[in-house]
J.: 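Structure provided below as structure tokens; questions to follow.
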Amino acid sequence: MTAFEQRVFSGIQPSGTMHLGNYLGAIARFVEMQSSFSCIYCVVDMHAITTWQDPGQLRKATREVAATYLAAGIDPTQHIVFNQSQVAEHAELAWVFNCVARVGWLNRMTQFKDKAGKNQENASVGLYAYPNLMAADILVYRATHVPVGDDQKQHLELSRDIAQKFNNDFAKSIKETGHGEAFFPLPEPVIMGPATRVMSLRDGTSKMSKSDSGSDMACIYLTDSADDIARKIRKAKTDPDAIPSETAGLAGRPEATNLAGIFAALSGRTVDDVLQEFGGAQFSAFKSALSDITIERIVPIGEEIRRLMDDRKHIDAVLADGADRAREIAAPVYKSVKKIVGFIG
Ligand code: TYM
């Protein structure tokens with residue numbers, strides 16, 4: 001079995017404002033993983049245009065995701081922060097993967113069905129082929145670990161299938177070009193912690209997501225003020241019962257489950273631990289503690305995002321430098337892919 005150097009890759013789309021789900025499901029993990037891995041964090045602007053984006057808005061949102069990475073504590077000097085479209089090898093490898101992945105595989109992707117809605121015929125081809133580009137993002141760095149929220153699990157399984165099929169389809173050529181038994185690693189999803197799927201504050205059965213919520217009250221944005229956060233948590237939907245003292249008591253209570261998970265993730269505790277403290281209390285008391293802890297954690301990040309957004313030059317320089325360093329890793333990998341596949345040059 002070929003041994004691969006351990007490397008982390010993950011990405012966030014610059015479409016819409018970043019929310020607590022992005023933070024707890026993804027960014028907070030990105031920050032943690034910096035201490036044990038070499039990490040590449042990407043702003044996936046090419047994924048964003050699979051649904052139409054206003055160009056000025058796309059530029060702003062791209063800088064905002066980059067600013068959020070930095071504000072949350074990602075160090076762009078020790079690791080790599082860049083935007084996808086600056087490294088052409090992503091798109092080049094994605095084309096090869098378009099020819100490796102099967103139509104039947106993409107037809108099973110639930111996120112395409114959700115995003116395309118009733119009018120699938122009218123969705124862009126890019127939206128359909130989206131998971132192949134995602135596989136290319138990861139594999140062009142031969143990344144081994146991919147921290148994501150729960151909603152990306154199916155896409156990551158597809159990335160593994162693509163890596164495996166490439167390794168099988170080209171096994172002979174991989175060996176002949178001196179790459180041993182396997183050219184790509186099978187990347188592992190890292191879906192960790194008590195808030196891998198943060199739900200809407202207005203409906204505990206639907207995912208917190210800017211586009212789906214239909215209401216600002218459903219979603220805590222990372223740039224929300226302390227007042228906004230307090231108001232949204234105070235008005236969050238709950239049920240009439242008290243907080244249970246153990247996890248079994250959360251069964252059939254999606255809103256209570258969601259709030260307890262958010263509390264645990266923000267405080268670095270387990271849900272069990274949180275329920276032991278608040279079991280028997282009314283939601284009003286719990287919400288007030290939740291509001292305090294959310295404000296304490298999120299407001300400073302929002303302030304730093306705003307400060308960085310006023311320094312466009314700095315953000316653009318970070319992205320350009322990150323892209324240069326990303327290209328240094330991606331270029332030789334793609335060059336090998338060309339050899340393996342049989343492209344001349
Ligand atoms: P995106 O931009 O939709 O979301 C970015 C990250 O945030 C996580 N997330 C959530 N986690 C918990 N609760 C929620 N409510 C919630 N909403 C979003 C997502 O799981 C994700 O980790 N396809 C990806 C971007 C991508 C990518 C990649 C990720 C492109 N290439 C390669 C990993 C590796 C996406 O659209 O994420």
Side-chain angles (χ1 to χ4, degrees), residues 7-31 33 39-51 53 61-62 64-66 68-69 72 82-85 87 90-91 93-94 97 109-112 114-115 126-127 129-160 162-163 187-213 218-222 254 257-258 261-262 265-266 326:
R7 176 174 282 138
V8 167
F9 179 95
S10 197
I12 294 186
Q13 288 196 63
S15 50
T17 314
M18 307 267 276
H19 54 69
L20 189 66
N22 298 130
Y23 181 68
L24 294 178
I27 301 169
R29 302 283 86 72
F30 297 1
V31 173
M33 292 184 88
C39 306
I40 304 177
Y41 295 127
C42 187
V43 187
V44 291
D45 47 6
M46 286 157 62
H47 276 105
I49 64 161
T50 56
T51 58
Q53 303 293 323
T62 299
E64 199 163 295
V65 175
T68 304
Y69 283 160
F82 76 109
N83 58 310
Q84 187 184 30
S85 60
V87 180
H90 289 241
L93 183 59
F97 287 172
M109 296 294 113
T110 56
Q111 202 156 80
F112 174 74
D114 291 348
K115 284 196 181 172
L127 188 66
Y130 176 116
N132 296 346
L133 176 60
M134 183 162 161
D137 295 339
I138 300 164
L139 294 169
V140 83
Y141 303 100
R142 301 214 272 183
T144 51
H145 293 77
V146 185
V148 281
D150 178 70
D151 60 349
Q152 296 300 316
K153 196 170 170 188
Q154 195 186 32
H155 287 159
L156 280 196
E157 278 157 14
L158 188 91
S159 298
R160 292 168 64 89
I162 290 175
E188 279 196 32
V190 181
I191 302 174
M192 279 184 331
T196 56
R197 192 173 182 82
V198 176
M199 308 307 271
S200 156
L201 297 183
R202 306 299 302 165
D203 171 7
T205 62
S206 89
K207 196 177 69 175
M208 181 179 285
S209 142
K210 186 167 180 259
S211 45
D212 298 343
S213 63
C219 195
I220 292 176
Y221 299 111
L222 300 184
T257 304
N258 188 36
I262 293 173
L266 283 169

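Order of appearance sets the numbers: ligands from 1, and atoms from 1 within every ligand.
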J.: For atom 26 (C) of ligand 1, find the nearest protein heavy atom and state the residue, atom name and distance (0.1 Å precision).
T.: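 Result for atom 26 (C) of ligand 1: Gly11 O, 3.8 Å.
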
J.: With a cut-off of 4.0 Å, which atoms of ligand 1 are near a heavy atom of Lys207?
T.: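 Reading through ligand 1 atom by atom, the close ones are 15 (N).
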
J.: Going by heavy atoms in the side chains, are Gln154 and Gln111 under 4.5 Å from each other?
T.: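 They are not in side-chain contact.
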
J.: Quick one: CZ on Phe112 to NE2 on His155, what's the gap to the nearest 0.5 Å?
T.: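 Interatomic distance, Phe112 CZ to His155 NE2, rounded to 0.5 Å: 10.5 Å.
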
J.: Using a 4.0 Å cutoff against the non-hydrogen atoms of Ala26, which atoms of ligand 1 qualify?
T.: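 This gives 6 (C), 7 (O), 22 (O) as the contact atoms.
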
J.: Are the side chain of Ser10 and the backbone N or O of Val146 linked by a donor-acceptor pair below 3.5 Å?
T.: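 Pair absent, no side-chain N/O of Ser10 close to backbone of Val146.
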
J.: So, the side chain of His90 versus the backbone of Ser85: is there a donor-acceptor pair under 3.5 Å, distance only?
T.: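 Not a single qualifying donor-acceptor pair exists.
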
J.: Identify, for atom 4 (O) of ligand 1, the protein heavy atom at the shortest distance, and state residue, atom and that distance.
T.: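 Its nearest protein heavy-atom neighbour is Asn22 ND2, 3.6 Å.
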
J.: So, 4.0 Å and heavy atoms of Ser209: is ligand 1 close enough to count as a contact?
T.: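 Per 4.0 Å heavy-atom rule, Ser209 does not contact ligand 1.
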
J.: Does even one non-hydrogen atom of His19 get within less than 4.0 Å of ligand 1?
T.: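 It does; at least one heavy atom falls under 4.0 Å.
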
J.: Taking heavy atoms and a distance under 4.0 Å, where does Thr196 meet ligand 1: side chain, backbone, both or neither?
T.: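 Only the backbone of Thr196 comes within reach of ligand 1.
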
J.: Taking Asn258 for the side chain and Met199 for the main chain, is one N or O donor matched with an acceptor at less than 3.5 Å?
T.: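 Yes: the side chain of Asn258 pairs with the backbone of Met199.
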
J.: What atoms in ligand 1 come closer than 4.0 Å to a heavy atom of Arg197?
T.: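 Taking each heavy atom of Arg197 in turn, ligand 1 has 12 (C), 13 (N) under 4.0 Å.
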
J.: Can a salt bridge be assigned to the pair Asp151 and Arg197 using a cut-off of 4.0 Å between side-chain N and carboxylate O?
T.: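 The answer is no: the pair does not qualify as a salt bridge.
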
J.: Can you find an N/O atom of Asp137 closer than 3.5 Å to an N/O atom of ligand 1?
T.: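 For ligand 1, there is an N or O atom that lies under 3.5 Å from one belonging to Asp137.
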
J.: If only atom types and distance count, is the side chain of Asn22 paired as donor or acceptor with the main-chain N or O of His19 below 3.5 Å?
T.: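 Between the backbone of His19 and the side chain of Asn22 there is a qualifying donor-acceptor contact (under 3.5 Å).
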
J.: Looking only at atom types and distance, does a side-chain atom of Gln84 sit under 3.5 Å from a main-chain N or O of Val43, one as donor and one as acceptor?
T.: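 No, the answer is negative, given that no donor and acceptor are paired below the 3.5 Å cut-off.
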
J.: Would you call the rings of Phe82 and Tyr141 parallel, tilted or perpendicular, where under 30° means parallel and over 60° means perpendicular?
T.: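 Aromatic pair Phe82/Tyr141 classed perpendicular.
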
J.: Pairs of nitrogen or oxygen atoms closer than 3.5 Å, one from Val198 and one from ligand 1: do any exist?
T.: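 Val198 vs ligand 1: N/O contact under 3.5 Å present.
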
J.: Does an N or O anywhere in Asp150 fall below 3.5 Å from an N or O of ligand 1?
T.: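 Between Asp150 and ligand 1, no N or O pair is found under 3.5 Å apart.
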
J.: Do any nitrogen or oxygen atoms of Asp151 come within less than 3.5 Å of a nitrogen or oxygen of ligand 1?
T.: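 Among all N and O atoms of Asp151, at least one is under 3.5 Å from an N or O of ligand 1.
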
J.: Measure the distance from atom 1 (P) of ligand 1 to every protein heavy atom, then report the residue, atom name and distance (to 0.1 Å) of the closest one.
T.: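 Of the protein heavy atoms, Gln13 N, 4.3 Å lies nearest.
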
J.: Side chain, backbone, both or neither: which part of Val148 comes within less than 4.0 Å of ligand 1 when only heavy atoms are counted?
T.: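 The answer is both, backbone and side chain.
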
J.: Just distances here: any N/O of Tyr130 and N/O of ligand 1 closer than 3.5 Å?
T.: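 Yes; the residue has a nitrogen or oxygen that sits under 3.5 Å from a nitrogen or oxygen of the ligand.
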
J.: So, the side chain of Thr144 versus the backbone of Arg7: is there a donor-acceptor pair under 3.5 Å, distance only?
T.: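 Confirmed, Thr144 side chain pairs with Arg7 backbone.
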
J.: Got an N/O contact under 3.5 Å between Gln152 and ligand 1?
T.: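 Yes; at least one N/O pair falls below 3.5 Å.
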
J.: Taking only heavy atoms of Val146, which atoms of ligand 1 are found under 4.0 Å from at least one of them?
T.: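 What qualifies from ligand 1 is 33 (C), 34 (C).
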
J.: Which ligand 1 atoms, with their elements, are less than 4.0 angstrom from a heavy-atom of Ile138?
T.: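 Answer for ligand 1: 32 (C), 34 (C).
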
J.: May I ask you to check if ligand 1 and Gly149 share an N or O to N or O distance below 3.5 Å?
T.: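 Looking only at distances, the answer is yes, because the N/O contact criterion of under 3.5 Å is met.
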
J.: Any atoms of ligand 1 less than 4.0 Å from a non-hydrogen atom of His47? List them with their elements.
T.: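 Taking each heavy atom of His47 in turn, ligand 1 has 30 (C), 31 (N) under 4.0 Å.
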
J.: Evaluate the side-chain proximity of Met208 to Leu201: yes if any heavy-atom separation is below 4.5 Å, no if none is.
T.: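 The answer is yes, as the side chains (C-beta and beyond) meet within the 4.5 Å cut-off.
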
J.: Just by distance, do the side chain of Thr68 and the backbone of Glu64 share a donor-acceptor pair under 3.5 Å?
T.: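 Such a contact is found between Thr68 side chain and Glu64 backbone.
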
J.: Under 4.0 Å from a heavy atom of Gly25: which atoms of ligand 1 are those, numbered in the order shown and with their elements?
T.: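 In order of number, 11 (N), 12 (C).
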
J.: Counting C-beta onward and ignoring hydrogens, is there a side-chain heavy-atom pair between Ile12 and Met18 closer than 4.5 Å?
T.: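 In short, these two side chains touch, coming nearer than 4.5 Å.
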
J.: Is there a polar contact, in the sense of an N or O pair closer than 3.5 Å, between Met208 and ligand 1?
T.: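 Between Met208 and ligand 1 (N or O atoms, distance only) the closest approach is under 3.5 Å.
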
J.: Under 3.5 Å, N or O to N or O, is Ile12 touching ligand 1 that way?
T.: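 No, there is no polar N/O contact under 3.5 Å.
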
